[in-house]
Amino acid sequence: MSDFSKPYNAKDHEERMYAKWLESGYFTPENLPNADKREPYTIIMPPPNVTGVLHMGHALMLTLQDIMIRYQRMRGKRALWLPGTDHAAIATQARVEKDLVKEGTSRHDLGREEFLRRVEAFAKKSHDTIISQVKTMGASCDWTREAYTLDEDRSLAVRTMFKKMYDDGLIYRGNRIVNWDPKGQTTISDDEIVYEERAAKLYTFRYSKDFPIPIATTRPETKIGDTGVAVHPDDVRYQEFIGKEYDLEFYGVPLHIKVVADKEVDPAFGTGAVGVTPAHSHTDWEIAERHGLGVTQVIDEQARMMVGDNPLTGQKVADARATIVEWLGSENLLEKEEDIKQNIATAERTGGVIEPMPKLQWFVAVNKEFSLPHSSIEGIASGAKTTLKEIMRRTVESGQIKIIPEHFEKTYFHWIENLRDWCISRQIWYGHRIPVWYCLPCAELDTLGYKPGTGETVVPRSEKLIPISGTETPTTCPKCHSTSLSQDPDTLDTWFSSGMWTFSTLGWPENTQDLKLYHPTNVLETGYEILFFWVARMILMTGYGLGEIPFRTVYLHGTVRDAKGRKMSKSLGNGIDPVDIAKTFGADAGRMALIVGNTPGTDMALSEDKIKGYKHFANKIWNASRFVLTSIENADLSHEPKLTPSDTAALAELRRVAKEVTDDMEQFRFYLAAEKIYHYFWHTFADTILEEAKLTLRGESVEEQLSAKWTLHTILTTSLKLLHPFMPFITETVWEQVPQKNKTILVVEPWPHS
RNA sequence: GCGUCCUUAGCUCAGUGGUAGAGCGUUGCAUUCACAUUGCAAAGGCCGCAGGUUCGAUACCUGCAGGACGCACCA
């Protein structure tokens, strides 16, 4: 009891406790007592990006998962919590490029190899910081299984998956319209776009004096790429023009315009007629596809005009817009100019304004039919035709995967309905390089007939694809036997590898023991903001690759905001550093503050005052424990003594509380469980039971004293167990001092049965 | 446009078909005996508004208002 100093000082104990846990080996499920008899319980940790340091959102995620894992471990499960980190392709690359700019250099100056060395060095450093922070939070994960989304094993998994999907025709290379980020010089997926409202002008004009229909646009410069005009099929104003074709000249550029009827057109907007620019608008692209209109690209990757030898060529789009507007005015073609508000698409990472344009990219087809040889997905039989979209929908619809809170299921379905093919290639260097090689001599065989010189696609035949070193790239072209092969320069969207996380971490494509035992996992715990990015992609990948679900329950937490409800951000400077919190108040206090009152799917406001409150609670636990332990010293508690009626009642209440807390844990109501045990310990145990025991202990009756000591000991030990998932450090520290038969560490103590 | 969520004590939020709870904060009192990182007590709420269902609504339904958010569109 010598280290039982008066106030509880978290920093005197937490580091030592974590070391003690690691030494016990119990975070590795095989080391648990009677491991083979235990039923597996698995959580794969959402891997933090190696872009920097942990924030409060990570702390929340770690706490929730640690609570689940510690609880299940105490419940006798073979609990595996598998940790890892994410290479976060575009985010990490952007971070390092920023540093390079400061040094006055760029990735192109360094070259691909040297640049990747720089990124890897940064990622390594960032990784080490993150791991030490995860440990500070008390996370009881199995470090022997730690994974990285870009390590050897995960690379093999990614290549294997790519090839499998390619062979099934689910991955295709296509010249399609994509979201191009001129600032980041890469494509991005629909989900990586953020919309910003800006003021814009809507111009109403005619292509030429002879053209019968005026059209409205906010982007006159793109009209040079128009190949059609679309009107609503029922619009009486334009019936006579539908199907007609016109040859005309617009700013010196010859245009061939066909008038088509399409229900996408809103007759109430503008003039009710849309100039169709298939190359630079997603909807126009689709209209063009439906009506067989041509595609003319007029904007290049630098967001500059490309119109042959026209003077516009080389102008930035904004300048070109002014030029065109001025010209329209001078030609008397401009009929109206009005101010409107417009949502403009920007890239989440770089802030660049997105220019949709057609590019040759790799896509995952979400609506294409294929069959799963072995399916355990409800509603999709083995061998039956299905699509990736159906897998994503069915697994949730059937209840095989349950989302908490439930209402997010509606949001999820809504998103799936609108899902288009997923563009997975990125023009960046850090990431999984696309495992596809091109044969240069076979260039003319390019099936797409696009961009000569890249050649036909060659995908390696071996079942297991090539390790990342590239030493085993295909040596000859199967068609012409040339050895002149070059790998696709692009890398994969980071969510491609993240989507495989639940099974790539367990050894897939090998049919490992881990995969058999721990998959499907039990819970995926993550933030609701990546429901689409990640959760849906995991369901897609797992359904396709394994014919099963990746997890049974998805628990979605909200965003941790500051005391005023604002998002924590660097620019506001209102962020709370979880490691600072652990140092100042103790990791336990930070954990409790994050959990109590925090319902799933809802954002929470976190203040230092709240954390301070739980620091006080830790102190309360500490002092109450000191009192109990001092009081029961030398008492014979080997057998239950005769209990007084009030002690019997107190123990009955303890059982009731334990039962309620257990029910809450089972129902994922951690916010209630934590609050109940907090309230019980402080206001029932410490304030009432303990105060009454003081009187008894000073009294005459030895029998009553023994009854009181037994009761205090039972309530203390049970409370420590109930509190352990929430406040692992202090409970384990006190536990060291508790006299108990066959005592081991609290990590593997059985949960109080109720 | 489609969709979701929220509106309860000063603040942050729980909650239930039988006229409300927690934490923090506020106010008053208490102090050598586990703990002032404490204890005891108090103040504080027509549970957003209007209808409906019901014996009874904060809770269920409809509408409205305000707020947050997702998706699509924005030609």
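A note on names: the letters A, B, ... follow the listed sequences, proteins ahead of strands, and every chain is numbered from 1.
Dashed line: the shortest gap from a side-chain N or O of Lys694(A) to OP1 or OP2 of A34(B) is under 4.0 Å. A sub-4.0 Å separation between OP1 or OP2 of G23(B) and a side-chain N or O of Tyr614(A) is absent. Between C6(B) and Thr602(A), no contact under 4.0 Å exists linking OP1 or OP2 to a side-chain N or O.
G10(B) atom P lies 20 Å from atom NZ of Lys564(A), rounded to whole Å. One atom, CD of Glu691(A), and another, C1' of C35(B), lie 10 Å apart when rounded to the nearest Å. The CG-P distance, from Leu716(A) to A34(B), rounds to 16 Å in whole Å. A36(B) atom C1' lies 11 Å from atom CH2 of Trp682(A), rounded to whole Å.
Counted by atom type alone, Glu355(A) and His280(A) present zero donor-acceptor pairs between their side chains at under 3.5 Å. No side-chain donor-acceptor contact under 3.5 Å links Glu264(A) and Thr283(A).
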Determine, for nucleotides 68-75 of chain B in 5'-to-3' order, which nucleotides have protein heavy atoms under 4.0 Å from the base (write B), from only the sugar-phosphate (write S), or from neither (write -).
--BB-BBB
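Between the side chain of Lys620(A) and the base of C35(B), at least one donor-acceptor pair of N or O atoms lies under 3.5 Å.
A salt bridge does not link Glu289(A) to Arg176(A): none of the charged side-chain nitrogens sits closer than 4.0 Å to a carboxylate oxygen. In this structure, Lys564(A) does not pair ionically with Asp562(A), as no charged nitrogen and carboxylate oxygen lie closer than 4.0 Å. The pair Lys694(A)-Glu691(A) meets the salt-bridge criterion, since a charged nitrogen lies less than 4.0 angstrom from a carboxylate oxygen.
Between Gly613(A) and Ala605(A), the one whose closest nucleotide on RNA chain B sits nearer the 5' end is Ala605(A).
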Which dot-bracket string describes RNA chain B (Watson-Crick N1-N3 plus N6-O4 or O6-N4, or G-U N1-O2 and O6-N3, all under 3.5 Å; [ ] crossing; | other strand)?
(((((((..((((....[..)))).(((((.......))))).....(((((..]....))))))))))))....
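Proximity of Arg219(A) to Ile299(A): side-chain heavy atoms (C-beta onward) are separated by under 4.5 Å at one or more points. In this structure, Leu556(A) and Thr526(A) have side chains that are in contact, with non-hydrogen atoms separated by less than 4.5 Å.
Considering only side-chain atoms of Glu675(A), the nucleotide from U37(B), C33(B), A22(B) that sits closest is A22(B). In the set U38(B), A22(B), C35(B), C35(B) carries the atom at the smallest distance from any side-chain atom of Asn623(A). For Asp687(A), whose side chain is taken as the heavy atoms from C-beta onward, the closest listed nucleotide among U38(B), G39(B), C5(B) is G39(B).
Looking at heavy-atom distances under 4.0 Å, Lys615(A) makes contact with a base. Note on Tyr678(A): only backbone sugar-phosphate atoms sit closer than 4.0 angstrom, heavy atoms only; bases stay farther off. Within 4.0 Å of Lys612(A), counting heavy atoms only, lies no atom of the nucleic acid at all.
Here the OG1-CD1 distance, from Thr599(A) to Ile595(A), works out to 11.0 Å after rounding to the nearest 0.5 Å.
Ring centroids of Trp327(A) and Phe250(A) are separated by less than 6.0 Å, placing the two rings close together.
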When the side chains of residues 675-687 of chain A are checked against the rest of the protein, which donor-acceptor pairs come out under 3.5 Å, sequence neighbours left out?
from: Lys676(A); atom 1: NZ; to: Asp664(A); atom 2: OD2; distance (Å): 2.8
from: His683(A); atom 1: ND1; to: Asp687(A); atom 2: OD2; distance (Å): 2.9

